[in-house]
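All figures in this text were calculated on a predicted structure; none of them were measured in a lab.
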Amino acid sequence: MQTIGARISGHRSARSVDFTKIYIDPPQGYENPVDYVGQMSPDGMTVAGMWGLADMNGTFEMHREESVAEREEAETAETVPASGMPF
């Protein structure tokens with residue numbers, strides 16, 4: 001199985017996500033960008049929606065690994081403001 005690198009750019013507004021994936025040095029058949037539009041679950045662990053590529057489209061569902069979410073939560077909990085900074 002070959003791994004193909006990609007760049008992803010997009011945005012999130014509340015629970016809506018919209019992003020485009022462009023493959024880096026793509027092999028034949030991977031030259032076109034893939035557009036994704038979807039909704040994040042209330043717990044932030046799943047994103048589901050539709051993808052579009054040229055004249056093809058379908059559904060997608062992405063799941064965040066529990067360990068990643070726990071790490072991010074721990075990092076956020078460890079972040080504290082610098083003393084003496086106005087709030």
Side-chain angles (χ1 to χ4, degrees):
M1 175 182 277
Q2 178 185 7
T3 299
I4 304 169
R7 289 192 186 112
I8 296 176
S9 62
H11 66 275
R12 178 177 65 90
S13 177
R15 290 183 19 216
S16 297
V17 296
D18 186 347
F19 61 96
T20 300
K21 176 174 58 177
I22 299 173
Y23 292 104
I24 301 168
D25 299 323
Q28 187 174 357
Y30 288 83
E31 302 88 356
N32 295 318
V34 185
D35 295 312
Y36 296 83
V37 177
Q39 293 287 313
M40 184 183 327
S41 63
D43 65 2
M45 296 299 290
T46 304
V47 175
M50 298 288 297
W51 61 266
L53 168 65
D55 61 348
M56 299 179 287
N57 60 57
T59 60
F60 75 92
E61 190 168 318
M62 295 184 280
H63 300 272
R64 177 181 270 186
E65 292 181 28
E66 195 72 34
S67 61
V68 172
E70 290 171 358
R71 249 192 335 265
E72 287 180 356
E73 186 175 310
E75 288 172 4
T76 301
E78 293 174 4
T79 303
V80 294
S83 59
M85 298 295 292
F87 294 102

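For the atom pair CG of D35 and CG of D18, the computed distance is 7.5 Å after rounding to the nearest 0.5 Å. Rounding to the nearest 0.5 Å gives a distance of 12.5 Å between CG of N32 and NZ of K21. Atom OH of Y23 is separated from atom OH of Y30 by 6.5 Å, given to the nearest 0.5 angstrom. Put simply, CE on M45 and CE on M40 are 11.5 Å apart, with the number rounded to the nearest 0.5 Å. For the atom pair CH2 (W51) and OG1 (T59), the distance works out to 9.0 Å, reported to the nearest 0.5 Å.
Ring planes of F19 and Y36: parallel class, angle under 30° (limits at 30 and 60°).
Counting all heavy atoms, side chain and backbone alike, P33 lies closest to L53 at O-CD1, 3.3 Å. Contact detail for I4 and P27: the closest heavy-atom pair is CD1-CG, 3.8 Å.
With contacts defined as side-chain heavy-atom distances shorter than 4.5 Å, the pair S16/Q39 qualifies. Side-chain contact between M62 and R64 is absent, with no heavy atoms from C-beta onward closer than 4.5 Å.
The local environment of CG in D43 is crowded, with over 12 non-hydrogen atoms from other residues, nucleotides or ligands closer than 6.0 Å.
Put simply, M56 and V34 are part of the same group of oily side chains (I, L, V, M, F, W, Y) that touch within less than 4.5 Å, one to the next.
Side chain of R12 to backbone of V17: no donor-acceptor contact under 3.5 angstrom is found.
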